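As the structure is a prediction and not an experimental result, all values here were calculated from the model. Just so you know, ligand 1 is whichever comes first in the structure, and atom 1 is the first atom listed for that ligand.
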Amino acid sequence: MANDRPRVLSGIQPTSGSFHIGNYLGAVRQWVALQETHDAFYMVVDLHALTLPQDPKELRENTRLAAAQLLAAGLDPEHCTIFVQSHVPEHTQLTWLMECLTGFGEASRMTQFKDKAARQGNEHTSVGLFTYPMLMVSDILIYQADQVPVGEDQRQHIELARNLAERFNGRYGKTFTVPEPYILRETAKIFDLQEPTVKMSKSASSPKGIIDLLDDPKASAKKIKSAVTDTGSEIRFDRENKPGVSNLLTIHATLTDSTIAEVEQKYAGKGYGALKTDLAEIVSEWAAPFRDRTREFLDDPETLDSILAKGAEKARAVATETLTQAYDKVGLLPGKH
Ligand code: TYM
């Protein structure tokens with residue numbers, strides 16, 4: 001039974017049209033695997049997207065597009081609960097409790113907030129961006145998640161979720177499961193093709209540095225072929241001295257279900273060009289059916305919306321129960337929340 005299984009929860013923002021290969025290898029690929037062994041909840045976090053300005057029409061389209069990509073990547077509504085964050089209003093209700101439990105200094109130390117705020121300047125930084133981590137904490141705790149499959153950049157937010165769960169439990173009695181990050185070492189951080197020492201990121205990378213999964217294959221091939229590689233010619237995994245080649249090796253190995261050592265061996269004595277040409281082919285072969293399936297889901301918005309509605313209903317059943325307990329624990333009178 002699904003209920004005897006450990007629970008996982010994760011989310012992805014619908015902020016850009018296409019997921020990039022960092023989203024897929026760092027997170028979504030694990031989500032697909034974990035739905036077979038865990039009681040899995042996955043969501044499109046449209047409320048988090050609002051922390052930066054969004055065009056309403058685009059947000060609507062991108063939310064459906066994100067859901068379609070999750071299904072195309074292999075999430076199966078029979079094996080996991082897939083939903084849209086704003087369809088479960090209990091998340092934002094729990095967020096208030098989490099905000100009241102978090103220190104101002106503690107929230108100010110969140111590095112993603114600091115980075116984004118520094119890029120935008122104070123006047124353009126919303127309070128929502130500041131409280132973003134507490135909404136994320138609520139997303140996790142409201143499902144009593146045991147594990148949270150994400151990329152390395154989310155580790156600090158999960159650490160906050162652990163701290164707040166322990167703080168709440170310590171103050172009011174055991175209420176929340178303390179979640180663990182589920183971060184695979186090899187793919188925890190996929191790097192920008194042009195700047196292979198910084199992470200591939202939809203908000204910070206230049207288009208040439210990102211492999212978008214819905215890109216035209218020719219465009220992706222071009223980006224891979226012009227990826228920055230390192231001095232020397234040997235194809236060897238060495239994050240420090242050969243970050244560019246190491247990044248390409250990681251992508252290659254993961255998409256072909258091989259080990260890095262196997263890929264290194266395959267290219268022993270060959271040049272960077274051979275690795276890049278093959279990788280372009282591998283990515284293109286992987287992405288073609290992904291693109292087709294995404295299109296199919298988008299072409300049938302009724303089915304897509306009904307999958308999301310069913311998912312929200314399942315999610316709400318769990319979320320309401322946790323919220324009721326948490327409200328009671330802190331001393332709010334029972335009523336209609
Ligand atoms: P988001 O939408 O930025 O990214 C979605 C997932 O992709 C991972 N990721 C990467 N992994 C490896 N290499 C990269 N270059 C790379 N870029 C992105 C992210 O780590 C993430 O797992 N705050 C979250 C969304 C969220 C969430 C949650 C996650 C909201 N609530 C609750 C887990 C649990 C975010 O903005 O992810």
For atom 20 (O) of ligand 1, which of the options Ile12, Asp153, Val137, Leu184 provides the nearest non-hydrogen atom? Asp153
Sub-4.5 Å side-chain heavy-atom contact between Arg167 and Phe176: no
Considering distance alone, does some N or O of Gly22 sit under 3.5 Å from an N or O of ligand 1? yes
Starting from atom 17 (N) of ligand 1, what is the nearest protein heavy atom, named by residue and atom, and what distance separates them? His20 CE1, 3.4 Å
So which of Ile190, Ile140, Thr51, Val45 gets nearest to atom 14 (C) of ligand 1, if we judge by its closest heavy atom? Ile190
Under 4.0 Å, counting heavy atoms only: does Tyr132 come that close to any atom of ligand 1? yes
Can you find a non-hydrogen atom of Leu135 under 4.0 Å from ligand 1? no
Give the C-alpha distance, both sets of side-chain angles, the deciding distance and a yes or no for ring pair (Phe, Tyr, Trp, His ring centres under 6.0 Å) between Tyr132 and Phe113. CA-CA 8 Å; Tyr132 173 126; Phe113 168 74; 9.6 Å; no
Residues that Gln144 engages under side-chain hydrogen bond (donor to acceptor under 3.5 Å, both in side chains), provided they are two or more places apart: Thr177
So, does Ser10 sit close enough to ligand 1 that a heavy atom of it is under 4.0 Å from the ligand? yes
Judging by distance only, is a nitrogen or oxygen of Gly11 under 3.5 angstrom from one on ligand 1? no
Electrostatic pair Asp192:Lys199 at N-O distance under 4.0 angstrom: no
Please confirm whether Gln13 comes within less than 3.5 Å of ligand 1 when only nitrogen or oxygen atoms on both sides are compared. yes
Should Ala188 be listed as contacting ligand 1, given a heavy-atom distance under 4.0 Å as the test? yes
For ligand 1, which is the ligand I care about here, please tell me if Asp139 has any N or O atom under 3.5 Å from one of the ligand's N or O atoms. yes
Between Met136 and ligand 1, is there a nitrogen or oxygen pair with a distance under 3.5 Å? no
For ligand 1, is Gln85 a contact, meaning one of its heavy atoms is under 4.0 Å away? no
What pairs meet the salt bridge (Lys or Arg N to Asp or Glu O under 4.0 Å) rule with one or both residues in residues 225-247, with sequence neighbours excluded? Glu234-Arg236, Arg236-Asp238
Under 3.5 Å between any N/O of Asn23 and any N/O of ligand 1: does that happen in this structure? yes
For Glu321, does the CD atom have more than 12 heavy-atom neighbours from other residues, nucleotides or ligands under 6.0 Å away? no
Salt bridge or not between Arg155 and Glu159? Use side-chain N to carboxylate O under 4.0 Å. no
